[in-house]
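Both backbone and side-chain heavy atoms feed into the values below; hydrogens, waters and symmetry mates do not. Quick caveat: nothing in here was measured; it's all calculated off a predicted structure. Every number for a ligand or one of its atoms is a count from 1 in the order of the listing.
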Amino acid sequence: MCGIVGIVSDEVKTADIIDSLKKLEYRGYDSSGIAFVRGGKIEVYKSVGKIEVLKNSIKDLLEKKIEVGIAHTRWATHGQPNDVNAHPHTDCTGKIAVVHNGIIENFRELRSMLEALGHKFKSDTDTEVIAHLIEEEYSGDLFDAVMKAIRKLDGAYAIGVIHSNHPDIIIAARKGSPLVIGLRDDMSILASDVTPIIRYTKDVIFLEDGDVAFLKKGRVEVYRANGEKIDRKVQHIDWDELAAEKGGYDHFMMKEIMEEPMVISSAITGRVKAGKVDIPEVREIDFSKIRRINLVACGTSYHAALFFKYFVEFHTDLDVLVEVSSEFRYRKPHVDKDTLTIAISQSGETADTLESIRLAKRLGSSIITITNVVGSTITRESDVSIMMNSGPEIGVAATKTYVAQLTVLLLLGLEIIQQRGFWAGRHEKIFDTLLRLPEVFSSILDFSDKIKEIAKEFKGYDHFMYIGRGYGYPTALEGALKLKEISYIHAEGYPAGELKHGPIALLDENFPVFAIVPQDSLYQKMRSNVMECKARNAKIIALTTSENSDISSIADIILEVPRVPEELYPLVMSPIIQLFAYHVAVLKGHDPDKPRNLAKSVTVE
Ligand code: AGP
């Protein structure tokens, strides 16, 4: 996923744009570049590698005032990561510069057409066709040229365009990739998300698919493809810059784990009334009319969805199906108007999940989305969006957003239980405990140093087996994903009952087991599985409940959480599995915020 920044202002310096671009590093990238108008000319600088490389290449220009500038972090989709393929891309005249996030699906046809007209291409990217298309359409009005050019584009794009003849404007357009505009009297700032904007302003406009925006100093006009001018709502983002900085921790990931007590409170706020669940966003939905629920999600969000399946199926008469989005979208799912589809996506931009809800919608399903990003694409394609309200999650590994998803899903599940007439004392206890969880989490987070000591003992292993049953199964999957994606240790998450069907052949003294084994309704079954692993000489870390002396006699290492209703163990155990993965990764010398090969949001297939 690429990152875009653009600023138009009398006071902007080259360094301001570069510093804003750095706020987007978390999205993952392989090269970066900047273009600006100075002295009536477009200057373009770009380089493969980190933004620091680019910054060093233009250190004499950093304090120079520029009239308008755009910058970009590239996560390659077409063309190798190198200086030439880095954005911005220019047209033949060098008067137009473009930055782009997305994929132009018909770029080959467009390139052939443009080359036949005499255009000379420099890069292997799809993006460059946009610069030449605008050049072809330009006859003095940049906005008009961009409007005409984008009509020829198939696929997804968020673009920023500048022209040396127009040193006081940026033209922006979006279709399928996010774009946000920050508003201030003396400047307008364009970005892929709010993180680079909040240092300048907290008043923003989220562009919608098909919008074309005209940014001038302190003024923004938004138009639809048909030329109609529209008033996009200005939203106030209450994140200050610190919320997007590390807050004193070594890594965003640790900061975000430590935010989890507050995240639970934020996810609950405004969704409890007179001692009952009351989610305003779903007040109009009659859950008693629904025959089936389908959930679609990827990665960590899929593990949260799996928890919801266990929870709602166990406590109601509803069928709940869960599928990873990349499979759901190519199946022939049985979805109709009586099916509720719930999409879970913290970024709200995951391509496979977006396509899955589009499929479900075409089949007649209503769509509820649970997401963390105000104004994200998924919110505009869903009937209802329940915001996770977690604040920006910068670390690539999902941590606090997983906690927020589980919290929202517990509330939504309780709402459904309430509406479908299954509410009982047990649900009261779950609800009451959930409301108390922020302080329970604070006590669990105090274990971080103890977990770091344990991580020292296990950081040298090449393999790990995470096992769980029932509500412990999603926890096992999530624990394995966290470990593998930031420490690069091979970690498998498995239903404990499946071990004897093959995976137990893997176990020996070099293959430790992380067992999710709370004293819940499946404890005895889990205990037997732990014994099986022990018998193969595997070292055992048991994540269990306090004062469980029984398992202490079997496991090598005990990690514990307070006893709660078993539906809450996935939530209560999440900081432990996250902290373990975090400390192992850091002890192995990795940067947990920017794991190799991964991006924060997978906006391409
Ligand atoms: C989880 O740590 C990963 N970052 C990844 O699996 C992520 O959960 C997945 O890509 C889904 O992202 P989304 O919630 O933004 O859709």
Tell me: protein heavy atom nearest atom 15 (O) of ligand 1, and distance? S347 OG, 2.7 Å
Between K450 and E453, is the closest basic N to carboxylate O distance under 4.0 Å? no
Of all the atoms in ligand 1, which lie at a distance below 4.0 Å from a heavy atom belonging to T300? 1 (C), 2 (O), 6 (O), 8 (O)
Here's one to test your reading of the geometry: is the NZ or CZ of R232 within 45 degrees of the ring axis of F206 and under 6.0 Å from its centre? no
Can you list the atoms of ligand 1 that are under 4.0 Å from a heavy atom of A397? 2 (O)
Which is it for K484 and E492 under the salt bridge (Lys or Arg N to Asp or Glu O under 4.0 Å) test, yes or no, and what are the steps along the way? CA-CA 9 Å; K484 72 180 98 176; E492 303 236 3; over 6 Å; no
If you scan protein heavy atoms around atom 4 (N) of ligand 1, the nearest is V396 O, 2.9 Å
Suppose we screen for side chain to side chain contact (heavy atoms under 4.5 Å, CB included). Which residues come up paired with A86, at least two apart in sequence or across chains? S31, K46
Taking atom 6 (O) of ligand 1 as the reference point, the nearest protein heavy atom with its distance: G299 CA, 3.2 Å
Assess K588 against Y488: is NZ or CZ under 6.0 Å from the centre of the six-membered ring, and within 45 degrees of the ring's axis? no
Aromatic plane relationship, Y471 with F307 - under 30° parallel, 30 to 60° tilted, over 60° perpendicular: tilted
What protein heavy atom lies closest to atom 2 (O) of ligand 1? Include the residue and the distance to one decimal. E485 OE2, 2.4 Å
Does an N or O anywhere in A398 fall below 3.5 Å from an N or O of ligand 1? yes
Can you report which non-hydrogen protein atom sits closest to atom 10 (O) of ligand 1, along with the distance? V602 CG2, 4.1 Å
Parallel, tilted or perpendicular, as decided by the 30° and 60° cut-offs, for the rings of H463 and H490: perpendicular
Quick one: look up the protein heavy atom nearest atom 14 (O) of ligand 1 and list residue, atom name and how far away it is. S301 OG, 2.6 Å
Tell me the protein heavy atom at minimum distance from atom 12 (O) of ligand 1, and give that distance in Å. T350 OG1, 3.7 Å
Validation row: I368, D383 side chains within 4.5 angstrom (heavy atoms): no
Ligand 1 and Q346, any nitrogen or oxygen pair closer than 3.5 angstrom? yes
Of the protein's non-hydrogen atoms, which lies at the shortest distance from atom 11 (C) of ligand 1, and what is that distance? C298 O, 3.4 Å
So among E478, Q405, Q346, which one has a side-chain hydrogen bond (donor to acceptor under 3.5 Å, both in side chains) with T300? E478
Looking only at distances, can you tell me whether any N or O atom of T353, backbone or side chain, sits closer than 3.5 Å to an N or O atom of ligand 1? no
Per-atom contacts of ligand 1 with K482, taking only distances under 4.0 Å to non-hydrogen atoms: 1 (C), 2 (O)
